[in-house]
Every structure is written in C-alpha cells, then in structure tokens.
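Here's the structure we're looking at; comments come further down.
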Amino acid sequence: MNISSSFRFCRFTFRKCLSRRLQWDTCDRYYCSKSSSTDQTRVVQLKNKLACGPSFQDFIKSSDKTYDACNDEHEEYHIPECTTARSLKVYFETYGCQMNISDTEIAWSILQKAGYSRTHELPEADVVLLVTCSIREKAEQTIWNRLKHLTALKKRCQKHKPLLKIGVLGCMAERLKTKLLEQEKLVDVLAGPDAYRDLPRLLSLGYRGQRASNVLLSLEETYADVMPVHQTPEGHSAFVSIMRGCDNMCSYCIVPFTRGRERSRPLSSILEEVRMLSDQGVKEVTLLGQNVNSYRDFSEQHFICSEGSTQLSRGFKTVYRTKQGGLLFSDLLDKVSQIDPDMRIRFTSPHPKDFPDEVLQLIQERRNICKQIHLPAQSGSSRVLHAMRRGYTREAYLDLVENIREIIPGVNLSSDFITGFCGETEEDHQETLSLVREVGYNVGFLFAYSMRKKTHAYHRLQDDVPAPVKQRRLEELISVFREEAAKVNMALIGSTQLVLVEGESKRSSEELCGRNDGNVKVVFPKTDLPIQPEKPQMVPITSGDYVLVKFPCRLM
Ligand code: 5AD
Ligand code: SF4
C-alpha cells in the first residue's frame with residue numbers, strides 16, 4: 001500500500017490508493033438489535049420484585065380472549081402492580097426493508113415515552129417485538145420459525161419470566177391477524193404499521209392475560225410528531241421516514257394492503273428532524289418511503305392551493321387519478337439538502353414514474369445529494385410490465401435511463417427485478433437479461449416471484465412458472481448482474497472517490513470500510529492522517545470522517 005500524500009481539507013480527509021469491494025444483496029435482509037450496556041441494578045431489582053410478587057396466573061383474567069382496539073376505547077392501561085413500564089425491557093428484532101428499521105425507531109420512541117427501557121440482549125427481555133415483513137413467502141417463513149422458537153423459549157422460562165410477552169408489529173400483523181392471534185396462538189400483542197401509538201395500551205392488555213391487537217390502517221398517520229430514536233451502528237447515518245403507504249397497486253405486491261394508502265409527513269416535521277440529526281453530527285440521511293418520490297405534502301393551506309399536478313416521468317402513467325396540488329418531492333429535496341451542505345442525502349425507494357426533470361436537475365446541482373438512483377424496473381419485457389401494472393414499457397424505462405444519464409452524467413443506477421412472474425416466457429426473461437446489460441446497474445435486488453394473497457395477480461393471473469424455472473432464471477439474472485456491475489465498478493479504477501467512513505471492516509480489524517457517493521462499499525487499510533495539510537500531527541481515521549480514496553490500478 002502506497003500512501004504518497006494524504007491531508008485533511010475543510011472537514012474532509014483526503015487519502016490515496018485504496019481498495020474497494022462491491023455490495024451485493026439478492027436475498028431478504030435481516031437486521032437484529034445491536035448490543036448495548038445493561039442496567040444490572042434494575043435487573044436485580046426487577047428479579048427481587050418478581051420473586052415476591054404475585055404469580056403470572058394472578059394477572060390472567062381470560063387468557064384466550066382477543067381484544068380488538070376498536071372495541072376497547074375505555075380500557076385502563078394495566079401493568080401488574082409489582083411491575084412498572086419503567087422496569088420492563090423491550091427487545092426488538094427487525095426484518096425486511098429500511099422502512100421497518102424506521103418503524104422500529106418509531107415504536108421504540110413511543111414505548112420509551114411510556115416508560116419502557118430497551119435491551120439488546122434477548123435473555124433480558126420482558127417484551128419481545130418482531131417488526132415484520134410480508135413481501136415474500138420466504139420473509140414470512142423466517143418470522144414464523146422465529147415465533148415458534150420464541151414461544152418455546154417463553155414456555156421454558158415461564159418460572160423465572162412469567163410476564164414475558166411476544167408481539168408482532170408491521171406488515172405480517174396486518175396480513176395475518178387472525179392466524180397469528182387466534183389460530184396459532186403464538187403472540188400476545190399485534191400492532192399493524194399504523195397502530196404503533198397504541199402499543200403501550202396493547203401491552204397493558206397483554207399483562208391482563210388478553211391477546212390484544214390493533215391493525216387499523218389510517219389515511220393520515222405519518223407519526224409526524226414522534227421523534228424516532230435513531231439506532232445506527234456508529235451514529236453517523238440515519239433514516240428519516242417522509243411518507244407511508246403506496247397507491248400504485250402493482251399486481252404482484254402486498255404492500256398497498258399491509259401499509260395502506262399513500263400519505264406524506266409534513267415538511268416542517270421532516271426539516272426539524274433533519275436539523276436535529278445535523279446538530280447531532282449525523283453525516284448521511286436517507287429519506288424513506290414506499291414510493292418516496294411521490295411525496296406530496298398537503299399540511300399547509302398554501303401547499304394545497306399550489307399549482308403542482310402530478311409531474312410524471314415522460315411515457316409513464318399511474319393506475320390512480322392525477323393528484324393535484326401539494327408540496328412536491330423536488331421542493332422537499334431542495335429544502336432538506338440545504339440544511340447541512342456536509343450531510344449526504346439519499347432516498348429510497350422511488351418509483352421510476354416520479355422522476356420529472358426538476359428532481360433530476362436538483363440531484364445534479366446539489367453537491368450533497370448522492371448521484372445514485374434506485375430505479376426498480378421489475379422486468380425488461382413490456383408484456384410482463386403490463387401484467388405487473390407498472391405503468392410503463394421497456395422503451396419508456398430506457399428513455400428515462402437515457403434522460404437521467406444526460407442530466408446526471410456518471411450517476412450510479414440500481415434496480416429491483418422479479419423473475420418468473422405470471423406468464424413470463426423465456427423470451428420475456430431474455431428481454432430482462434438484455435435490459436440489465438443495456439442499463440448497466442451497479443447494485444441489484446433480485447427476487448423470484450412469490451404469490452401473495454389479496455393482490456391483483458393472486459385473483460386474476462396464474463402463477464404458472466414452475467419454482468425451479470423461477471430459480472434458474474433468478475440465477476441467470478444474478479450472473480448477468482454481476483458481470484455488468486463488475487464493468488461499472490472497473491470504471492472506477494484510477495478515480496478518486498469521496499468515502500464516508502462507517503467503521504471497521506467485517507473481515508479485518510486492520511481495515512476500515514465506508515461508501516462512496518454511488519453507494520459502493522469501499523474497504524481500505526486503517527491508517528493515521530495529518531490533522532491538516534502540511535501539519536505533522538497525525539490522527540486516526542474514525543467513523544463519520546470523509547476520506548478521499550484513490551482506487552488501485554488493478555482490481556484486488
Ligand atoms: N414476489 C417477489 N418479489 C416481490 N417484490 C415485491 N413483491 C414481490 C413478490 N410478490 C419485490 C419487488 C420490489 C421489492 C421491494 O420486492 O422487486 O421492488
Ligand atoms: Fe409495491 Fe409497486 Fe408500491 Fe413498490 S410501487 S410498494 S412494488 S405496489
């Protein structure tokens with residue numbers, strides 16, 4: 001390794017000649033609570049109280065009774081006398097997409113306010129909450145298995161943990177309410193994505209031995225006033241939820257049914273949160289939503305009256321009627337990116353239909369909006385896209401890619417694809433492979449189609465591609481993706497990239513890792529750098545630093 005000159009400039013640290021690795025993700029993502037310090041005194045106090053207090057049976061009135069939120073407006077919150085919410089510890093496990101990480105932060109913020117404390121160690125937990133995903137069968141199966149394991153654990157520890165509660169939050173709670181609560185009897189508490197405010201009450205009902213649920217979907221809930229407690233590993237990057245739900249009704253997708261209608265969080269509350277994060281030293285914010293670039297804020301009178309009708313990408317259409325007025329995604333992006341010019345802004349997950357030129361130009365103009373766009377294509381065949389109800393053809397998608405590249409030269413593109421959707425032929429599949437070759441993405445999230453009840457495809461289409469064929473097509477797609485991504489990343493060789501350091505690399509304590517603007521993972525050796533150009537004093541690189549990394553002349 002040859003570091004010929006390295007120096008610090010403004011708040012960025014510059015250095016030379018380092019290596020890089022690519023990020024791949026072709027399966028369901030799983031995030032688990034991270035460990036933190038424990039409060040031993042409180043554990044001992046709780047144990048003592050539990051030992052001398054009433055037994056579990058004392059709290060059970062009717063163990064099999066199911067409570068529905070709407071039937072129970074006047075129930076008082078109830079936590080056993082010997083226990084206060086303050087002494088109860090919640091353990092979260094988060095599955096699925098970034099929205100679920102954000103939901104975990106919201107749910108935790110609500111419970112923290114109600115007096116609960118948090119543990120990152122399962123054996124310490126009084127309440128175990130799984131924040132769940134329903135998007136594919138495999139994601140749900142993982143959670144079923146986990147629930148069975150946790151229920152067995154609960155039975156085994158009934159003596160020393162008589163109050164242990166298990167809850168399911170999020171999409172699976174919404175989709176499988178009856179099955180989870182009544183049929184399988186695996187959980188005590190269920191809260192859908194719009195019912196997290198109700199969690200303290202639901203848990204109180206749980207302590208009365210009742211199975212409690214609230215899976216009501218809302219047209220308005222954005223948790224605007226709930227300041228999430230951010231839990232990123234090193235504290236330098238954070239997710240900020242800006243909208244919830246989805247109106248697109250892609251024919252394969254369960255999300256509109258589990259997360260409900262699209263609604264946007266008021267601009268003022270988003271800006272407040274981003275300002276707060278900037279003050280805390282956060283260096284990267286990812287704006288989140290199911291269709292993040294369809295953001296449309298009606299929270300103020302003058303937003304409602306504004307002229308803006310839906311500005312779609314050229315050649316794209318929606319399944320819903322054109323929306324009018326409101327403050328749009330380009331306005332939000334403009335304001336968020338001005339808060340802190342040293343804070344990187346990303347956003348996910350967008351829909352390709354919502355990329356008018358205003359948004360693209362803003363991304364190009366603003367130094368701190370990352371030049372990386374996720375552009376979920378789903379298929380390269382216009383016939384399949386039509387069956388998927390995506391609202392665009394292959395040609396319109398490719399025109400959009402061309403337009404994006406014209407306005408933002410050097411932009412990195414990533415995408416989602418589904419193989420083996422209803423009626424997909426070999427020819428359709430080949431069109432998908434050719435689209436991937438033509439566009440040249442650097443990151444892909446690739447999935448075999450998994451039929452979901454309630455969706456249009458479930459009711460109207462035949463899931464007629466056999467599982468082994470879906471799998472074979474998926475493998476072919478992965479290998480084409482890898483080839484193309486390698487080409488895109490080879491083009492970085494010799495270039496110098498600004499990398500936001502995340503921390504130690506997983507493989508070696510001698511290495512650090514971070515991401516460049518295009519979201520490529522970069523791994524490089526740990527080293528000290530001069531505190532300022534020409535100054536002899538050296539400091540170690542730490543997470544949250546920006547460093548300039550020159551990629552090696554050969555791939556490692
Ligand atoms: N089967 C397989 N993949 C799906 N996705 C959404 N629904 C399904 C399904 N039923 C994929 C899409 C979407 C990503 C989040 O998950 O590619 O963009
Ligand atoms: Fe699902 Fe389509 Fe909405 Fe994405 S845009 S969440 S794929 S319905």
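Order of appearance sets the numbers: ligands from 1, and atoms from 1 within every ligand. Bear in mind that the values here come from a model prediction, so they are computed numbers and not experimental data.
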For ligand 1, which part of Q378 has a heavy atom less than 4.0 Å away: the side chain, the backbone, both, or neither?
-> side chain
Within the 4.0 Å heavy-atom cut-off, what I135 brings close to ligand 1 is both
Report yes if some heavy atom in the side chain of E484 is under 4.5 Å from a heavy atom in the side chain of Y441; otherwise report no.
-> no
Heavy-atom check, side chain of E221 versus side chain of R197, under 4.5 Å | yes
Could you tell me the separation between the [atom1] atom of [X] and the [atom2] atom of [Y], rounded to the nearest 0.5 Å?
{"X": "Q338", "Y": "R366", "atom1": "CD", "atom2": "CZ", "result": "4.5 Å"}
{"X": "R390", "Y": "C250", "atom1": "CZ", "atom2": "SG", "result": "4.5 Å"}
{"X": "Y95", "Y": "T104", "atom1": "OH", "atom2": "OG1", "result": "11.0 Å"}

Does R390 reach ligand 2, in the sense of a heavy atom lying below 4.0 Å from it?
-> yes
Could you go through the salt bridge (charged side-chain N to carboxylate O under 4.0 Å, His left out) check for D194 and R261 one step at a time?
-> CA-CA 11 Å; D194 290 343; R261 298 297 302 270; over 6 Å; no
State whether the shortest distance between N or O atoms of Y252 and N or O atoms of ligand 1 falls below 3.5 angstrom.
-> yes
D416, any N or O under 3.5 Å of ligand 1 N or O = yes
Run the salt-bridge test on D463 and K470 with the 4.0 Å N-O cut-off and return the result as yes or no.
-> yes
Taking only heavy atoms of R452, which atoms of ligand 1 are found under 4.0 Å from at least one of them?
-> 10 (N)
For R136, the ligand 1 atoms with a heavy-atom partner under 4.0 Å come out as 1 (N), 2 (C), 3 (N), 4 (C), 5 (N), 11 (C), 16 (O)
Heavy atom of A448, distance to ligand 1 below 4.0 Å | yes
Under 4.0 Å from any heavy atom of H351, which atoms of ligand 2 are there?
-> 5 (S)
Under 2.8 Å from atom 1 (Fe) of ligand 2, which protein N/O/S atoms are there?
-> C253 SG
Apply the test salt bridge (charged side-chain N to carboxylate O under 4.0 Å, His left out) to residues K487 and E483: give CA-CA distance (whole Å), side-chain angles for both, the deciding distance (0.1 Å), then the verdict.
-> CA-CA 7 Å; K487 286 185 204 160; E483 279 167 32; 5.5 Å; no
Establish, for the pair K323 and Y320, whether the NZ or CZ atom is under 6.0 angstrom from the six-membered ring centre and no further than 45 degrees off its axis.
-> yes
Short question: side chain of K177, backbone of R175 - any donor-acceptor pair under 3.5 Å?
-> no
